[in-house]
Amino acid sequence: MTDTPAPRHIPDRLDKPLSSAIFSWEALLVVIAIIIFAINSFASPYFLDPWSLSDLTFNFTEKALIALAMALLIISGEIDLSVAAIVALASTMMGMALQAGAGMPVLVAIGIAVGLGCGAFNGLLVTRLGLPSIVVTIGTMSLFRGIAFIILGDQAYKGYPESFAFFGQGYVWWVFSFELALFLVAALVYWFVLHRTSFGRHVFAIGNNPVACQFSGVRVDRIKFILFCLTGLMSGIASVLITSRLGSTRPSIAQGYELEAITMVVLGGVSILGGAGSILGVVLAAFIMGLVTFGLGLLNVPGIVMSIFIGLLLIIVIALPIVWRRLREGRFA
Amino acid sequence: MKNFLKYREIWLLAGIVVLIGLISTRFPGFANPANLRQVFNDTSILMILALGQMVVILTRSIDLSMASNLCFTGMVVAMLNAAHPAIPIPVLIVIALLVGLILGAFNGFLVWRLNIPSIVVTLGTLTIYRGATFVISGGAWVNADQMSPDFINFQRAAFLGLPVLSWIAILVIALFFLVMTRTAIGRSIHAIGVNPTASVYAGIDVGRTKFIVFCISGMIGGLAGYLWISRYVIASVEVANGYELNIIAACVIGGISIAGGIGSVGGAVLGALFLGIISNALPVINVSPFWQMAISGSAIILAVVLNARGERRQGRIILRKAEAA
């Protein structure tokens with residue numbers, strides 16, 4: 001066998017010229033982040049302060065942790081709308097364990113285990129019964145949060161131990177919070193898994209053509225099941241962080257997080273139709289959303305108005321390349 | 001294929017009858033006509049919204065911004081009414097329809113002209129419209145005492161034994177039924193969901209049809225905005241928060257396939273009724289309202305599991321027909 005096989009097409013950034021990196025989605029996001037950062041630092045004198053910038057990260061790290069796993073799920077062509085409900089249920093279970101006198105390690109273990117369990121439940125429904133994930137997770141979203149409501153009613157669990165508070169309030173080094181450190185480590189892990197392993201390749205492949213994947217020996221259902229478990233797991237971890245940061249559990253905890261996590265993923269350049277995206281983009285989008293909400297917060301803009309900016313940002317950033325391409329095509333035609 | 005659709009709705013109807021029967025064992029008064037009329041009236045807004053969502057889902061799109069549209073339009077008409085009580089209610093309803101139409105057309109335009117997936121567009125406008133409600137109202141509420149008596153009483157007035165709200169729902173159902181079964185646009189909406197590529201070859205302008213369905217769902221959102229505000233007599237930024245998923249849930253229970261192409265007016269109406277009966281029955285049979293979410297969640301999952309079988313079978317039949325042709 002002397003003749004070398006023909007080079008296969010590998011759908012990766014590596015075989016693209018440098019110019020495509022400069023005009024990539026991530027580059028666009030970096031530019032937007034720099035612009036917003038500059039506007040913020042001019043708009044408020046309190047912005048450029050290490051502690052203030054550290055506070056900024058609390059705005060997005062919890063949702064961004066969920067968004068990392070959600071990115072993989074959306075790339076594979078599925079979606080999970082139940083993540084915020086999983087957070088609520090995991091937090092409720094931690095609260096119950098707390099009432100039963102559980103210590104810090106048990107609380108963390110319960111939070112993560114409940115998250116994983118809920119994710120596995122979603123995964124089973126989607127893969128075993130072949131149901132569309134958007135519908136399944138609309139159902140489990142009500143189910144999980146409903147269970148939290150049944151257990152908690154209109155009450156709240158309080159009195160988490162001090163050692164538990166570290167996860168949402170502690171700092172690992174100077175201004176770097178545990179949440180931020182955890183997010184960066186998780187982002188690195190997810191980047192490696194998605195962009196440097198065959199598992200990640202399969203995730204992209206499934207998003208592009210699940211049927212072809214099935215025929216080429218990829219265990220589509222198993223990978224999708226793992227992805228749902230991962231999303232649940234990250235929601236469980238996020239639940240530990242949020243519960244620790246707030247020091248209390250309410251059934252309405254993390255309301256609306258699912259849409260914010262999905263916004264981060266989509267803003268990060270992940271195609272909602274599956275098959276394309278990058279972890280770097282999601283991380284950048286998370287920072288941008290943190291910058292926007294924090295900057296507007298410094299200017300005393302109410303939270304609900306911030307959401308206008310997030311919504312506009314989402315639509316404009318998605319529309320920008322399309323409009324630009326149309327204009328260019330129009331000019332050259 | 002038509003038999004199958006009927007089959008599904010008959011099952012849904014049977015499910016509703018069984019549900020009413022079960023509730024009646026705990027609360028004997030539930031099944032009497034006066035109470036059922038009340039349940040129908042309570043569910044009217046959800047039914048109207050589910051029909052608007054249905055046409056969008058049929059074309060393989062989704063409108064997550066409906067509840068925010070409802071909130072914004074409701075605030076607009078409530079503020080108009082508070083400032084100018086002399087404006088007659090029909091004019092306000094036309095204004096509500098127009099405001100809703102504009103919001104829906106904005107969604108539709110982005111989906112049509114820029115080809116952005118509808119879930120992304122409406123995820124964005126979901127937050128934009130609700131934020132805009134805050135901007136126009138300054139975060140203030142419009143209370144019952146600021147609204148004119150006409151504004152509040154219009155939909156409550158009885159007409160031939162039913163409140164006007166119920167009549168509006170019946171009118172909307174009839175209108176949707178006519179449009180979906182007797183007009184070219186109704187055919188196009190179905191066709192696009194079944195096979196967008198074939199629809200293009202059949203001469204259907206897919207983009208424009210999607211634009212139209214978003215205009216329809218927008219107008220429905222606007223109409224529901226007026227109805228919601230005048231029914232619950234308070235307009236605030238929080239109105240119908242998170243309700244978009246209830247609307248989609250009603251469609252899903254009604255057997256409307258989220259993958260597009262499959263669904264009927266009857267299904268959407270029955271799906272909404274199913275959810276409406278659950279939420280009406282729980283308090284009267286002394287189940288804590290905290291159970292409601294978990295019960296409707298389980299109902300959605302169950303409905304999806306049951307529907308999935310029907311859909312799969314139907315898919316095969318279409319294929320077989322195509323092969324034979």
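All heavy atoms count here, side chains included; hydrogens, waters and symmetry mates do not. Letters A, B, ... are given to chains in the order of the sequence lines, protein chains preceding strands, and every chain is numbered from 1. All values reported here derive from a predicted model rather than from experimental measurement.
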*side-chain contact (heavy atoms from CB on, under 4.5 Å) between Phe290(B) and Leu152(A): does it pass, once the steps are laid out?*
CA-CA 9 Å; Phe290(B) 296 119; Leu152(A) 275 167; over 6 Å; no
*Looking at Gly131(B), Ser296(B), Ala132(B), Pro117(B), which one has more heavy-atom pairs under 4.5 Å with chain A than the rest?*
Gly131(B)
*asked:* I'd like to verify something: which residue of Leu312(A), Val136(A), Val323(A) has the highest number of heavy-atom pairs under 4.5 Å with chain B?
replied: Leu312(A)
*Can you tell which part of Met141(A) gets under 4.5 Å to a heavy atom of chain B, answering side chain, backbone, both or neither?*
side chain
*Would you give the length of the straight line joining atom CZ of Phe134(B) to atom CD1 of Ile308(A), rounded to the nearest 0.5 angstrom?*
9.0 Å
*Given a strict heavy-atom distance threshold of 4.5 Å, which part of Leu114(B) is in contact with chain A: side chain, backbone, both, or neither?*
both
*Between Leu313(A) and chain B, which part of the residue has a heavy atom less than 4.5 Å away: side chain, backbone, both or neither?*
neither
*Side chain from CB out, backbone as N, CA, C, O: work out which of these in Ile295(B) comes under 4.5 Å of a heavy atom of chain A, or both, or neither.*
neither
*Part of residues 58-71 of chain B lying next to chain A, heavy-atom separation under 4.5 Å*: Ile62(B)
*Can you tell which part of Val135(A) gets under 4.5 Å to a heavy atom of chain B, answering side chain, backbone, both or neither?*
both
_Sole candidate of Val305(B), Ile301(B), Val304(B) that passes side chain to side chain contact (heavy atoms under 4.5 Å, CB included) when paired with Leu129(A)_ = Val305(B)
*Please report the C-alpha distance between Ile322(A) and Asn115(B) in whole Å, then the side-chain angles of each, then the deciding distance to 0.1 Å, and finally whether the side-chain contact (heavy atoms from CB on, under 4.5 Å) criterion is met.*
CA-CA 8 Å; Ile322(A) 301 167; Asn115(B) 266 326; 5.6 Å; no
*asked:* Heavy-atom cut-off 4.5 Å, strictly under: side chain, backbone, both or neither for Ser288(B) against chain A?
replied: neither
*Report the option among Gly139(A), Ser271(A), Gly256(A) that has the most heavy-atom pairs separated by less than 4.5 Å from atoms of chain B.*
Gly139(A)
*Heavy-atom distance under 4.5 Å to chain B: side chain of Pro251(A), backbone, both or neither?*
neither
*Rounded to the nearest 0.5 Å, what separation is found between the OG1 atom of Thr127(B) and the CG atom of Leu259(A)?*
9.0 Å
*asked:* Is it the case that over 12 heavy atoms from other parts of the model lie below 6.0 angstrom from the CZ atom of Phe309(A)?
replied: no
*Applying side chain to side chain contact (heavy atoms under 4.5 Å, CB included) between Val120(B) and each of Ile262(A), Ile318(A), Thr263(A), report the one that passes.*
Ile318(A)
_chain B contacts, top residue of Ile310(A), Asp154(A), Leu267(A), Ile147(A) (heavy-atom pairs, under 4.5 Å)_ = Asp154(A)
*Please state whether the side chain, the backbone, both or neither of Ile272(A) comes within less than 4.5 Å of a heavy atom of chain B.*
side chain
*Give, for atom CD1 of Ile248(B) and atom CG of Leu81(A), the distance between the pair rounded to the nearest 0.5 Å.*
8.0 Å
*With rounding to the nearest 0.5 Å, note down the distance linking CG in Leu143(A) to CD1 in Ile300(B).*
9.5 Å
_Region of Ile150(A) that comes under 4.5 Å of a non-hydrogen atom in chain B_ = both
*asked:* Test side-chain contact (heavy atoms from CB on, under 4.5 Å) on Ile315(A) and Ile128(B); report intermediate values, then the result.
replied: CA-CA 10 Å; Ile315(A) 291 179; Ile128(B) 294 173; 4.0 Å; yes
*Looking at Arg326(A) and Arg113(B), what are the two nearest heavy atoms and their distance?*
NH1-O, 2.6 Å
*So what's closer than 4.5 Å to chain A heavy atoms on Leu302(B): side chain, backbone, both or neither?*
neither
*If you round to the nearest 0.5 Å, how far is CG of Leu245(B) from CD of Glu258(A)?*
7.0 Å
